[in-house]
2 protein chains.
Amino acid sequence: MPRTSRTRSESPRATSIYDVAQEARVSVFTVSAVVNKKEGVSAALTRRVEAAIAKLHYRPNLLARSLARQKTQTIGVIVSDIANPFFPDIVRAIEDSAQNAGYSALLCNSDDNAEKEARYIELLLSKRVDGIILNKASGPLSAAHRKLFTDQNVPIVLLMRSCANLKADLVRTDDEHGAALATAHLARIGYRRIGLVSGPLDNSTGRSRRQGYLKTLEENNLAVPEELLFEGDYRIDSGFRAGLALLPRRPEAVLVTNYLMTVGFMKAADEIGMRCPEDFALVSFDDFPWVSCFRPRLTTIELPKYELGEAATRTLLERIEGNTARATTTTLTPQLRVRESCGFMLRTREAREPLLI
Amino acid sequence: MPRTSRTRSESPRATSIYDVAQEARVSVFTVSAVVNKKEGVSAALTRRVEAAIAKLHYRPNLLARSLARQKTQTIGVIVSDIANPFFPDIVRAIEDSAQNAGYSALLCNSDDNAEKEARYIELLLSKRVDGIILNKASGPLSAAHRKLFTDQNVPIVLLMRSCANLKADLVRTDDEHGAALATAHLARIGYRRIGLVSGPLDNSTGRSRRQGYLKTLEENNLAVPEELLFEGDYRIDSGFRAGLALLPRRPEAVLVTNYLMTVGFMKAADEIGMRCPEDFALVSFDDFPWVSCFRPRLTTIELPKYELGEAATRTLLERIEGNTARATTTTLTPQLRVRESCGFMLRTREAREPLLI
DNA sequence: TTGTAGGCGTTATCAA
DNA sequence: TTGATAACGCCTACAA
């Protein structure tokens, strides 16, 4: 058989299964069987092969294996931006879970840009990943791409954001509930003019959080303060602009639907010279270990990031292993963490003071 | 030629270069030439091939290409933990730069654990990545692994931490200088009992920062307060323990050498009931957009994270493209950002007061 | 300019 | 139990 003169590369080829077979005086089949721990290779040959492997430092070329097996043991992960602190924990969980199951993760940042996302999807598919975890950019999926997924039979699980024209597994948090928790908390404290800094309304997360907010206002017989609604894009700058726009209109409280926008919002408050919670109350989305260390301590809606990543990976791997049941939605429950930025302590103290007079 | 009956898989094969060749009534060579935009294919055939590609939605299998070309257009990235806020920006930069040059990034978390790191290195090598960016775990590299790199001719660039027995390119920040800047600033304000919460001293970063601190104490004729030195591991909990250990000993100031440990340290201060900067001054390492929004505003040594990732990728890609010059070290300069936690404002006010009496 | 066929390093089928 | 050999899908030296 081939393996003749090494025409192309001058650098010595890495030792292949042929070299091992030759060294151990067996066929490549036997080497392959030993490497893959298959039953039924005699002890004698197994020993010889193992010795040859050790001697030659043989390591199977996973590229060739992937090509032959039609399986790469690799998943693609597309998030909008790993530098957004919402994602690192999720990606960490994905990588952990994938690795434990023998998979690696290819990381992509879409910047919530449909074109970039489309390019990444094609790339991942060309690289023949076994599945994709997708934090979908705003907007629908192109028909061509949808066809690609089904044609190539590559499972995909949606992370956080659903996609109108793609019925795939979805792993998300209960955003409407989260926003409702936050809004209800503010209403309970006694605020009536409660503003909202939402995410983009062309995706499910942004809409759900807004919905939870609106529903709760209604439940509390609070009018929707149209001049206190702001649509951001989950980035710092939009939070900053939201602050500049909303704070002069004197909201009593505001719900900011992610951490980065809260950061921008607080910057704006600094510039304007308004303090939280004295001049306005705030509840933020997403919790981090450091928010309880600095003032104002943010009252937040905690999103179980690591669990999100775990669930997404678990779901994807099940699909890869052959689960063909219909698409599921896994919804994790967020939690309200009351601290200081909502002015809870403040109000209760104020409320007590009149009694003291 | 082969491509006979489809023995193995029942699911329809993805369209391959052969299908395109057949559809366009040309040879695979011609298709390959068109796909790779090689000179010298007649306009007529080019048209036919392109039509066939479009009709069949052909996308080259990058796995097969990698195997044939002996190049995967993929780099491996091993960091201790993407959930540590120091890394997301770096990884983002790496992914951006890699993508721009036509490479993808495989992400791995070593948890600063030598065994885990070793497993990842073997995995990446087996996957035939074209190069590796390594934020080395503490401890030397095993001889076997060093041999692997040279044998397989896979370039590697070290990120932040050097490695005693591996002469490879290194991209890092000037940690000694950074720590010196911080310490000098504290000394200038007038503190004399300055503590240190260092990282692990078995790696270069931890040692350098400690060295910068010690050197600067000496330059300022300050004794080393042995009871105010604490060796942490860059995680929150070690910062917390550092706080519990050091704060009761009443340091005037403390240099905490990363953000997560600062978070733990502040938690400890909260529990003990000591305030920053009133009861102790603090300078932290690493800066984030949100540190200026919450109190106390941290005075920090800013590390150019994105630039670090860019430089590491650039260096690696040059090696991959064939640069064989001797190993280089790229050192980026950190910067002092004076805010409130160092007590600068406080002290200057106090300093003025006596004059007012 | 285009085609033929061998090689990349595995896996897996089918004989022996 | 083992071996020979055809895939996997692409690239490319060499021939035509």
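Basis for what follows: all heavy atoms, side chains included, without hydrogens, waters or symmetry-related copies. We name chains A, B, ... by the order of the sequence lines, and we start the count at 1 in each one. Only a predicted model underlies this, so the values are computations on that prediction, with no experimental measurement involved.
Taking a cutoff of 4.0 Å between a charged side-chain nitrogen and a carboxylate oxygen, B:R92 and A:D111 qualify as a salt bridge. Comment: B:R146 does not engage B:D151 in a salt bridge, judged by the lack of any side-chain N to carboxylate O separation of less than 4.0 angstrom.
The nearest whole Å value for the distance from the CD1 atom in B:I17 to the P atom in D:dC8 is 14 Å. Atom P of nucleotide C:dT10 and atom CZ of B:R128 are separated by 7 Å, given to the nearest angstrom. Atom CZ of A:R69 and atom C1' of D:dA6 are 18 Å apart (whole Å). For the pair A:Q152 CD and D:dC8 C1', the computed distance is 15 Å after rounding to whole Å. Protein atom CG of A:N61 is 14 Å distant from nucleotide atom C1' of D:dG9, rounded to whole Å. Rounded to whole Å, the distance from CG on A:L67 to P on D:dA6 is 17 Å. In this structure, A:R65 atom CZ and C:dA12 atom P are separated by 9 Å, rounded to whole Å. In this structure, the OH atom of A:Y18 is 10 Å from the C1' atom of C:dG7, given to the nearest Å.
Applying a 4.0 Å cut-off to non-hydrogen atoms, the residues of residues 22-42 of chain B that approach DNA chain C are B:V26, B:S27, B:V28, B:F29, B:T30, B:G40, B:V41, B:S42, listed by residue number. At a non-hydrogen distance threshold of 4.0 Å, A:Y58, A:R59, A:P60 from residues 53-60 of chain A come into contact with DNA chain C.
Checking side-chain atoms of A:D130 against main-chain N and O of A:T72 turns up a donor-acceptor pair under 3.5 Å. Side-chain atoms of B:S66 come within 3.5 Å of backbone N or O of B:K71 as a donor-acceptor pair. No donor-acceptor pair under 3.5 Å is formed between the side chain of B:R161 and the backbone N or O of B:L158.
A:L63 comes within 4.0 angstrom of no nucleic acid atom, judged by non-hydrogen atoms across all strands.
Contact of the B:I17 side chain with the B:Y58 side chain is registered, since non-hydrogen atoms from C-beta on lie closer than 4.5 Å.
Looking only at atom types and distance, the side chain of B:S138 has a donor-acceptor partner in the side chain of B:D202 under 3.5 Å away. With hydrogens and angles left out, the side-chain atoms of B:D169 and B:T315 include no donor and acceptor closer than 3.5 Å. B:N109 and B:Y120 form no side-chain donor-acceptor contact under 3.5 Å, judged by distance and modelled atom types alone.
Distance SG/B:C163 to CD1/B:I156: 8.0 Å, rounded to 0.5 Å.
Comparing the end axes of the helix from C:dT1-D:dA16 to C:dA16-D:dT1, each fitted to five base pairs by superposing C1' atoms of four pairs onto the next four, gives an inter-axis angle of 40° (nearest 10 degrees).
Checking the phosphate oxygens (OP1, OP2) of D:dG9, a side-chain nitrogen or oxygen of A:Q70 falls inside 4.0 Å.
When the options A:V26, A:V35, A:V41 are evaluated for a side chain to side chain contact (heavy atoms under 4.5 Å, CB included) with A:V49, the one that passes is A:V26.
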